[in-house]
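The residues of the chain are indexed from 1 along the displayed sequence. As the structure is a prediction and not an experimental result, all values here were calculated from the model.
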Amino acid sequence: NRHLALTLITCSLIGSFAVYGNSIKGGFVFDDVVVVQKRSDLKNIAHLPRLFIEPYHLHRPQSGLFRPLTAASFALNYAFFGESPAGFHVVNIILHAFASALVFWLILKLFGRRDLAWISWLLFLVLPIHAEAVASIVGRAEILALLFGLLCIYFSMPGRHAGTRNYWLCGLSLLFALWSKE
C-alpha cells in the first residue's frame, strides 16, 4: 500500500529527527576524529575503490576491522555534504529512520498485524540504546549492518507469489551487512 509506505517513511523521518536531531549540532568526537575526520583518503572520492581493500582503522591495521561499505559511506558523505559533522549526523538519522521503517515491514509481514507493527516500530524508533549508534558518527557501522541484515531477512521470506524468495537480494544484503561491520 503506497499510502501506508509514505505515512511510515514520513513518521519515521519525523520521529528520528525529533529523537536524535539534537545530535546534528555535535562535532567529531572520540573515534569519529580518528576514523572519519583525520582520514584524508575519505575526503577524495577518487580513493573510493581503495576503501574496499584497506583496513577500517587506516593507521592502526592491527585492530583487524574491515568495514569498507561504512568507510565508503563516509567518503560519499564528504563528497555530497562537505566536512561539516552535521552532514554525517543527518545521514545517520535518516538511516535510522529507514531501519525503523523496515522493522515495521518485517513485523507486519511476520505477524500480519498493523497494530503490532506500529508498536514495534515506535519502540524501535525511540529505544534509548540506539543513541550511541545514531548520535555517534562511527555508529553508522551498526546502523548499516542492521539495515542490511534486516533486508536480508526480508528478502529471504516468502514473497508475493507463494513460496518465492529473492535469494540473490538476500545474499547481496548479507554481503553489504558484513561489509558494514564485521
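- Contact check on Arg39 versus Glu54 returns a salt bridge, with a Lys/Arg side-chain nitrogen under 4.0 Å from an Asp/Glu carboxylate oxygen.
- Residues Ile137 and His89 meet the side-chain proximity criterion, which asks for heavy atoms closer than 4.5 Å.
- Minimum heavy-atom separation, Ala141 to Thr70: CA-OG1, 3.6 Å.
- A pairwise comparison of heavy atoms in Ala145 and Ser180 identifies N-CB, 3.6 Å as the closest pair.
- When side chains are defined from C-beta on, Leu147 counts as touching Leu102, because their heavy atoms get closer than 4.5 Å.
- Two different hydrophobic clusters hold Leu127 and Tyr20 under the rule that ILVMFWY side chains link at heavy-atom gaps under 4.5 Å.
- You'll find the side chain of Trp121 reaches within 4.5 Å of the side chain of Ser12, heavy atoms only.
- Proximity of Leu108 to Trp118: side-chain heavy atoms (C-beta onward) are nowhere separated by under 4.5 Å.
- When all heavy atoms of Ala75 and Ile45 are compared, the pair lying nearest together is O-CD1, 4.1 Å.
- Between Tyr78 and Phe88, a ring centre-to-centre spacing shorter than 6.0 Å is recorded.
- Leu146 and Ala99 make their closest contact through CD2-CB, 4.2 Å (heavy atoms, listed as atom of the first residue, atom of the second, distance).
- Note on ring orientation: taking the six-membered ring where Trp is involved, the planes of Phe124 and His130 are tilted (angle from 30° to 60°).
- Taking the six-membered ring wherever Trp is involved, the centroid distance between the rings of Tyr154 and Trp105 does not fall below 6.0 Å.
- Connection of Met157 to Phe155 is established within a shared hydrophobic cluster, with ILVMFWY side chains joined at heavy-atom distances below 4.5 Å, either directly or through further cluster members.
- In this structure, Glu132 places its CD atom where only 12 or fewer heavy-atom neighbours from other residues, nucleotides or ligands lie under 6.0 Å away.
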- Message: For Trp179 and Phe52: C-alpha separation, side-chain torsions, deciding distance, then whether ring pair (Phe, Tyr, Trp, His ring centres under 6.0 Å) applies.
- Response: CA-CA 9 Å; Trp179 277 352; Phe52 285 84; 5.3 Å; yes
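- Across all non-hydrogen atoms, the minimal contact from Arg113 to Asp115 is NH2-OD2, 2.8 Å.
- A 4.5 Å side-chain heavy-atom check between Leu175 and Phe148 finds every atom pair outside the cut-off.
- Val134 is connected to Phe81 through a chain of hydrophobic side-chain contacts under 4.5 Å among Ile, Leu, Val, Met, Phe, Trp and Tyr, so both are in one cluster.
- Nearest heavy atoms, Leu125 versus Gly15: CD2-CA, 3.7 Å.
- No side-chain heavy atom of Lys181 sits less than 4.5 Å from a side-chain heavy atom of Leu144.
- Linking Ile, Leu, Val, Met, Phe, Trp and Tyr residues whenever their side-chain heavy atoms come within less than 4.5 Å places Leu122 and Leu116 in a single cluster.
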